[in-house]
2 protein chains.
Amino acid sequence: MTEGSTTKAGKRGGVRGRIDKRQAILEAAFRIFARDGYGQSCVREIAAEANVAKPTVYNHLGDKETLFHEAMEAAVVRTVGRSLAALDRLREPEGEMRSALEETGHRLLKSHCSSESQALRGLLHAEGPRFPGLLKEAQRQGPQRVQDVLADRLARLALSGRLTITDPDQSSEQFLALLTAPLELRSRLGTRRVPDAELRAVARAATDTFLRAYGVGGAGERDGA
Amino acid sequence: MTEGSTTKAGKRGGVRGRIDKRQAILEAAFRIFARDGYGQSCVREIAAEANVAKPTVYNHLGDKETLFHEAMEAAVVRTVGRSLAALDRLREPEGEMRSALEETGHRLLKSHCSSESQALRGLLHAEGPRFPGLLKEAQRQGPQRVQDVLADRLARLALSGRLTITDPDQSSEQFLALLTAPLELRSRLGTRRVPDAELRAVARAATDTFLRAYGVGGAGERDGA
DNA sequence: CTAGTTTTGAACCGCGCGGTTCAGATACTT
DNA sequence: AAGTATCTGAACCGCGCGGTTCAAAACTAG
């Protein structure tokens, strides 16, 4: 990525043909890989999905492996942005802690459950062992970054006396755990679509527990309603 | 493992044995599938791993798909037992709540991080979408069962006044979330071996947070030491 | 021992894959 | 206009796969 516009940049694209083939190929590749898995995907079909001839694929990306590698990296970049954006709500939240956390959680979950995110995690899980470098990178600038940024936010909130956490990294890890882990089972490893109401419920439950443990006052804010 | 002392030595049999070929094949198949993924595995190699001729594989299990299906189901059965066993510690725990939860959590994590469990989850994640029936069954009698049994235990503890939870199912879900989710990142999706000390730390942190939220007294037991 | 079942190795088949080649079509540049 | 870089379709190659066949072997039962 980042070097997309080297030589052939900046054309206006007709609906067909002159768009940046490379990106079209990478997106199509990700779709096919996500659907069939790496081993079951064939380059032919990827080319078809991208509306491109097979040699074109091999011109832009020499190899099925590097095609996969590149398609995955692109997907990581696309995905991580949405998760990080969800955390913006936590910088200097105005209302009460509960609603800020709950909404942040809900946004994180929506990003987490987007079909692209789920497909990405599935593929990483599936082919990660065969692409250790890719896996490491993806984790570092994906979930790890989200967790770090959230830790920063939580630390600020603790400093301003709105949370009673002492280890922001651990709290961040655990808040994310309370959010995402339940989805594993509920979405059947990403196979089932989870209705938004359920996401909201999970976010609410996570926030509840988190505030019970780390809300101001130490006793947590028991919420009867 | 477990293949070392089979009963092949009973007769003058050479290298090949009279063991239940079928099980040997299933175990070998799981090993190869786990290592290479479904699409990249070839039956030839599975047969070799099982010390068996290729037609024998097709005699016992007619098809690569059903071979996979069956191997996975066997692995599920093998795995779930270990996790359920870890929960035994929670029936009428004698000491304090903290140590019981912590040790239970640690055992669950050890089971969760066993190479077989990790491989199983990886394969489910990888090929689940192509085997929806298998995925559903595996989830139902795997994680779902663990979560349900834990909920039972927690409910008993709440009833006897040792926890202040109101929704055992949710608490079970969240305790498991606090345990397993952090491992996703730390083990790099099961690629990295996590040292036992780290498992202990995660179990401790999970227990800490859980008790802060649901320990007796509502305020949770803040534990300095 | 005989009779019967299972396992074995090796050869075989058809197929679809990853990857390449090439001549011709297409689009941008000047 | 010509010139250049790219894209295209189709054919092609070699290979290894899933799956089968078969006759010889190994083992079991009686």
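In what follows, every chain begins at residue 1, and chains take the letters A, B, ... in the order their sequences are listed.
Remark: the backbone N or O of B:Pro143 is not paired with any side-chain donor or acceptor of A:Glu184 at under 3.5 angstrom.
Taken residue by residue, residues 35-42 of chain B places heavy atoms nearer than 4.0 Å to DNA chain D at B:Ser41, B:Cys42.
Remark: C1' of C:dT6 and CZ of B:Arg22 are 15 Å apart, rounded to the nearest angstrom. Distance B:Asp20 CG to D:dC27 P: 17 Å, rounded to the nearest Å. Put simply, CZ on A:Phe33 is 12 Å from C1' on C:dG18, counting in whole angstrom units. A:Ile46 places its CD1 atom 12 Å from the C1' atom of C:dC17, with the value rounded to the nearest Å. Atom-to-atom, NZ of B:Lys21 to P of C:dT7 comes out at 6 Å; the value is rounded to the nearest Å. Distance A:Ile32 CD1 to C:dC17 C1': 15 Å, rounded to the nearest Å. Between the CG atom of B:Asn51 and the P atom of C:dT8 there is a distance of 9 Å, rounded to whole Å. The distance between atom OH of A:Tyr58 and atom C1' of D:dC7, rounded to the nearest whole Å, is 17 Å.
For A:Asp63, the side-chain atoms get nearest to C:dG19 when compared with the rest of C:dG19, C:dT8, C:dT21.
By the 4.5 Å heavy-atom criterion applied to side chains, B:Leu61 and B:Leu26 are counted as neighbours. In this structure, the side chains of A:Ile25 and A:Leu67 come closer than 4.5 Å at one or more pairs of heavy atoms.
Shown are B:Ser117, B:Ser114, B:Ser111; of these, the side chain to side chain donor-acceptor pair (under 3.5 Å) with B:Ser83 is made only by B:Ser111.
The base of C:dG19 has none of its N or O atoms less than 3.5 Å from a complementary donor or acceptor on the side chain of A:Lys64. For B:Lys54 and D:dG19, a side-chain-to-base donor-acceptor distance below 3.5 Å is present, hydrogens and geometry of angles not being considered.
Taking a 6.0 Å sphere around CZ of B:Arg156, one finds it holds 12 or fewer heavy atoms contributed by other residues, nucleotides or ligands. By the 6.0 Å contact criterion, CZ on B:Arg91 is open, its count of non-hydrogen atoms from other residues, nucleotides or ligands being 12 or less.
The aromatic rings of A:Tyr38 and A:Phe131 sit perpendicular to each other, their planes meeting at more than 60°, with 30° as the lower class boundary.
For A:Thr56 and D:dC7, the shortest distance from a side-chain N or O to OP1 or OP2 is not below 4.0 Å. Phosphate proximity of C:dT7 to B:His60: present, with a side-chain N or O under 4.0 Å from OP1 or OP2.
Both B:Val52 and A:Arg44 sit near DNA chain C, but only B:Val52 has its closest nucleotide nearer the 5' end.
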